[in-house]
Student: 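Sharing a structure, written as structure tokens. Questions coming.
No experiment lies behind these values; they were computed from the predicted model shown.
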Amino acid sequence: MSTKNTSSKARRGAGLALAVVLVGAAAPAAMAQPTKGKTTGKIEEAEIEIVKERVNQLPEATRNFSKIALPAPPQTERKVTYTFPDFRLPADRLNPSVKVLTIRAEEPTPLTGNLVKVGIGNYGTFYGRGYFHSTRNTDHAYGLDIKHVNSLNGPVDGKNSSVAETSAHLMGELYRGTAAFGANLDLGRERYNFYGYDKAANGTPVATPEAGDIKQVFNRFAVKGYAHNRDPEQVLQYDASLGYRYWSDIFSANENDVRLNAKLGYALGESSRITLNGEASFIAEKDLAPAKPNVAAEQVTRTRTFVQATPAYEFMRNNIAFSVGATLGYSSDTATSVSKAVIYPAVRLGYTIEPEKFMVYAGLGGSLQRVTRYDLTTENPWLNRGLNVADTHRGPTIYAGFTSTPARGLEFNARATYARDRNLYFYLNNPVDPSRFDLVYDQNATGVLNLHGELLYNAAEKFRLGTRMDYNKYALKNLPQPFHRPEYQASVFGTYNVFEKLMIGVEGYFFSASYGISYRPATVAGAARVPDFYRATDPIIDLNLRADYRITPKISIFVMGNNLANRQYQRFYAYPVKGINVIGGAGYTF
């Protein structure tokens, strides 16, 4: 933990570091200037990935409960990081809306950057993963991560609830002076089945469908080039990227998305600067509209435009940090009667009570949040076709919170946010085919109260423990329930290095009940069903354990136990998950 606060120059440095995060609480993305002057030769940091039937590292899900970014603690030279590599709960199990904290992996043997892992488990699960990365180099870095996971059987009718996922991530960076240039390439293919079908109608068993008749397949492609300044002392800071993402499914739907992001900061002096954060997304999409009686389904095309910018002035002197600006945005989506163009304030005030120990802040903001099929299908892979995807308007938003580091290795953050959201989507079972989900919106603004807290503890790189909690209260005008958005979410995770060769990890999740809808059986095939009642799913309790044992510096074995509480909960109504799932295997480092 940095404690450089004994000179005025250090105070000014801390002031500038704190000023960098001011606009982040009122804009969709904050200025970030990671220093990448050296590659470490170790396996890249991995997000928490815990699976029951498969391992699936998906793109970060869209965060609709709280887009106001939590400012970093006052210290900037050290971040507590975490590891439980390889596992993240995939969409068909549990998809937290809050970002899962990560844990740094153990340092590998010097000058090794490659690892191959293979494992098998019950439900006919095969797990394979490879990491191939450059070794330590101050001039460049490159890496390739590939993985394949599939389960031949699932919780409903064996192969009818099977799942498979294959993906590859390629990255490269060049370092020239204070600048870094890089590019990423992502490829992916995922196979799911719509296994949330009725087993009986009016007490009469229904014929079980064939797996090939209920399958869903997603193809993903993403490429991005970027450049940023690695020196935080430069007067001009920049971070810009240009990218393209492609997504398609088995129903001939596809999405082409050109994306631009730019973050600029110019220091006016030691205590002030001006910033500009901007982003844009231009989507051309095709979808096959739902078929109507005696009418063939037809292809529907449309374009979606999203542009947003937040200019701001930041000032810090002594213990006070202040930022004032505005967010200007435009979205062409028309899911509700909301205006396409928006202007939100971007104001934040922070006060450091004790340097590097305790800081409080409050602000007023708002922003547009881009919503894409690429991201939605990582949350819920059982979406219907013919969806009206729309960007969320979050604002105006008011927030307040604090960050603290009361002791070495301990960090505690809390925040309260209230926002008025429009075009906030919910997932609701389709009345014709309840095994698929539609996007539904409240035609009026939805009030969203979010209470967030997180606690992180790191003891000498040997014992690590973290927890996150979110409470979300939705004030709806037209929708009867916040369908498939649980009010309470919590996670706990940690690792313990028992001795140099054995690492033990634990992760648990709790989600409160959420609501789907139950329909009466259809009287005529293909007809819309009559709603029966709103169905509350059982609360989600998910416990996962892992152990890694290093036999030699190059060979290791591992075992993972997932959903050890053996609860076949339903994150989405009519889709129970697998019970206890155990995967064991070995890894080779070279």
Student: Please determine if Arg415 forms a cation-pi arrangement with Tyr399, meaning its NZ or CZ atom is less than 6.0 Å from the six-membered ring centre and no more than 45° off the ring axis.
Tutor: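 Cation-pi check for Arg415 and Tyr399: fails.
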
Student: In Å, rounded to the nearest 0.5 Å, how long is the span from CG of Asn150 to OG1 of Thr166?
Tutor: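 Interatomic distance, Asn150 CG to Thr166 OG1, rounded to 0.5 Å: 7.5 Å.
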
Student: Please confirm whether the backbone N or O of Ser281 pairs with a side-chain atom of Arg370, one donor and one acceptor, at under 3.5 Å?
Tutor: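 Pair found, side chain donor or acceptor close to backbone of Ser281.
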
Student: Establish, yes or no, whether the cationic atom of Arg485 lies under 6.0 Å from the six-membered ring centre of Phe483 and within 45° of the ring axis.
Tutor: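 Arg485 over Phe483 ring: no.
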
Student: Is Phe218 close to Tyr192 at the side-chain level, that is, under 4.5 Å between some pair of heavy atoms?
Tutor: yes

Student: Angle between ring planes, Tyr142 versus His140, binned at 30° and 60°: parallel, tilted or perpendicular?
Tutor: parallel

Student: One thing to verify: whether Arg176 and Asp139 come together as a salt bridge, which I'm taking to mean a side-chain N less than 4.0 angstrom from a carboxylate O.
Tutor: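 Looking at Arg176 together with Asp139, the answer is yes, because their closest N to O distance falls below 4.0 Å.
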
Student: Using salt bridge (charged side-chain N to carboxylate O under 4.0 Å, His left out) as the criterion, list what pairs up with Asp186, not counting sequence neighbours.
Tutor: none

Student: Checking side-chain polar atoms at under 3.5 Å, does Thr327 have a donor or acceptor matched by the opposite partner on Ser367?
Tutor: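 No donor-acceptor contact under 3.5 Å links the two side chains.
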
Student: Under a 3.5 Å threshold, yes or no: a donor from one side chain and an acceptor from the other, between Asn413 and His452?
Tutor: no

Student: Are any side-chain N or O atoms of Glu279 and backbone N or O atoms of Leu260, one a donor and one an acceptor, separated by less than 3.5 Å?
Tutor: no

Student: State, to 0.1 Å, how close Asn423 and Ala335 come at their nearest heavy-atom pair, and which atoms those are.
Tutor: OD1-CB, 3.8 Å

Student: When you measure from the side chain of Asp542 to the backbone of Tyr509, do you find a donor-acceptor pair of N or O atoms at a distance under 3.5 Å?
Tutor: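 Checked: no pair found.
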
Student: Does Lys147 offer a backbone N or O that forms a donor-acceptor pair with the side chain of Tyr127 under 3.5 Å?
Tutor: no

Student: Does the Gln489 side chain pair with the main chain of Phe511, one donor and one acceptor, at a distance under 3.5 Å?
Tutor: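 Answer holds: no.
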
Student: Judged by modelled atom types alone, do Tyr441 and Gln443 share a side-chain donor-acceptor pair under 3.5 Å?
Tutor: no

Student: Check this for me, if you would: do Asp421 and Arg394 make a salt bridge, where the nitrogen-to-carboxylate-oxygen distance has to be below 4.0 angstrom?
Tutor: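 The answer is yes: the pair qualifies as a salt bridge.
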
Student: Please determine if Glu255 and Lys286 form a salt bridge, counting it only when a charged side-chain N lies under 4.0 Å from a carboxylate O.
Tutor: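 No, this pair does not count.
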
Student: Could you check whether Asp442 pairs with Lys477 (Lys NZ or Arg NE/NH1/NH2 to Asp/Glu carboxylate O, under 4.0 Å)?
Tutor: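 Looking at Asp442 and Lys477, the cut-off is not met.
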
Student: Are more than 12 heavy atoms, taken from residues, nucleotides or ligands other than Tyr515, located less than 6.0 Å from that residue's OH atom?
Tutor: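 No.
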
Student: With a 3.5 Å cut-off and no angle check, do the side chains of Tyr244 and Asn256 form a donor-acceptor pair?
Tutor: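 Looking only at side-chain atoms, Asn256 and Tyr244 do form a donor-acceptor pair, the distance falling under 3.5 Å.
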
Student: Just verifying a value: how many Å separate Arg468 CZ and Ser491 OG, rounded to the nearest 0.5 Å?
Tutor: 6.5 Å

Student: Any donor-acceptor pair under 3.5 Å linking the side-chain atoms of Thr377 with those of Arg220?
Tutor: yes

Student: Measure the spacing between CG of Leu424 and NE2 of His393 and express it to the nearest 0.5 Å.
Tutor: 11.5 Å

Student: Looking only at side-chain N and O atoms, does Tyr344 offer a donor or acceptor that is under 3.5 Å from a partner on Gln308?
Tutor: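 No.
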
Student: Does the separation of the ring centres of Tyr575 and Tyr195 fall below 6.0 angstrom?
Tutor: yes

Student: Would you find a donor on one side and an acceptor on the other, under 3.5 Å apart, between the side chain of Thr178 and the backbone of Arg230?
Tutor: no

Student: Does atom CD1 of Ile343 have more than 12 heavy-atom neighbours from other groups under 6.0 Å away?
Tutor: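 No - once you tally the heavy atoms of other residues, nucleotides and ligands closer than 6.0 Å, there are 12 at most.
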
Student: Is it true that Gln234 and Tyr266 share a donor-acceptor pair across their side chains at a distance under 3.5 Å?
Tutor: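 On atom types as modelled, these side chains do not qualify, holding no pair under 3.5 Å.
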
Student: Under 4.0 Å between a side-chain nitrogen and a carboxylate oxygen: does that hold for Asp391 and Arg422?
Tutor: no

Student: Against the six-membered ring of Tyr313, is Arg273 placed for a cation-pi contact (under 6.0 Å from the centre, within 45° of the normal)?
Tutor: no

Student: Counting N and O atoms only, with roles assigned by atom type, does the side chain of Gln237 sit under 3.5 Å from a partner on the main chain of Asp231, one being a donor and the other an acceptor?
Tutor: yes

Student: Would you check if there is a donor-acceptor pair between the side chains of Asp375 and Thr372 at a distance under 3.5 Å?
Tutor: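 There is such a pair (donor and acceptor under 3.5 Å, judged by atom type) between the side chains of Thr372 and Asp375.
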
Student: For Arg129 and Tyr131, test the side chains for any donor-to-acceptor distance below 3.5 angstrom and give the result as yes or no.
Tutor: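 Result is yes, a qualifying pair exists.
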
Student: Between Thr397 (side chain) and Ala419 (backbone), is there a donor-acceptor pair under 3.5 Å?
Tutor: no

Student: Output yes when a side-chain donor or acceptor of Asn160 lies under 3.5 Å from a complementary backbone atom of Pro209, and no otherwise.
Tutor: yes

Student: State the CG-CG distance between Leu439 and Leu376, to the nearest 0.5 angstrom.
Tutor: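 One gets 5.5 Å once the value is rounded to the nearest 0.5 Å.
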
Student: Please report the shortest heavy-atom distance between Tyr238 and Ala179, naming the atom on each side.
Tutor: OH-CB, 3.4 Å

Student: With a 4.5 Å limit on heavy-atom distance, are the side chains of Arg259 and Arg245 in contact?
Tutor: yes

Student: Restricting to salt bridge (charged side-chain N to carboxylate O under 4.0 Å, His left out), what partner residues turn up for Glu285, sequence neighbours left out?
Tutor: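 Salt bridge (charged side-chain N to carboxylate O under 4.0 Å, His left out) check on Glu285 returns Arg302, Arg373.
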
Student: Looking at the rings of Phe572 and Tyr427, which for Trp means the six-membered one, are their centres under 6.0 Å apart?
Tutor: yes

Student: Has Asn450 got a side-chain atom pairing as donor or acceptor with Tyr418's backbone, closer than 3.5 angstrom?
Tutor: no

Student: What is the distance from atom CG of Asn219 to atom OG of Ser248, rounded to the nearest 0.5 Å?
Tutor: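 With rounding to 0.5 Å, CG (Asn219) is 4.0 Å from OG (Ser248).
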
Student: Any luck finding a side-chain donor-acceptor pair between Thr310 and Asn277 under 3.5 Å?
Tutor: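 On atom types as modelled, these side chains do not qualify, holding no pair under 3.5 Å.
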
Student: Looking only at the side chains, is there a donor atom on one of Asn444 and Asn478 sitting less than 3.5 Å from an acceptor on the other?
Tutor: yes

Student: Is the distance between the ring centroids of His484 and Phe437 under 6.0 Å?
Tutor: yes

Student: Please round to the nearest 0.5 Å and tell me the distance separating atom CD1 of Ile283 and atom CH2 of Trp247.
Tutor: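 Nearest 0.5 Å value for the CD1-CH2 distance: 11.0 Å.
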
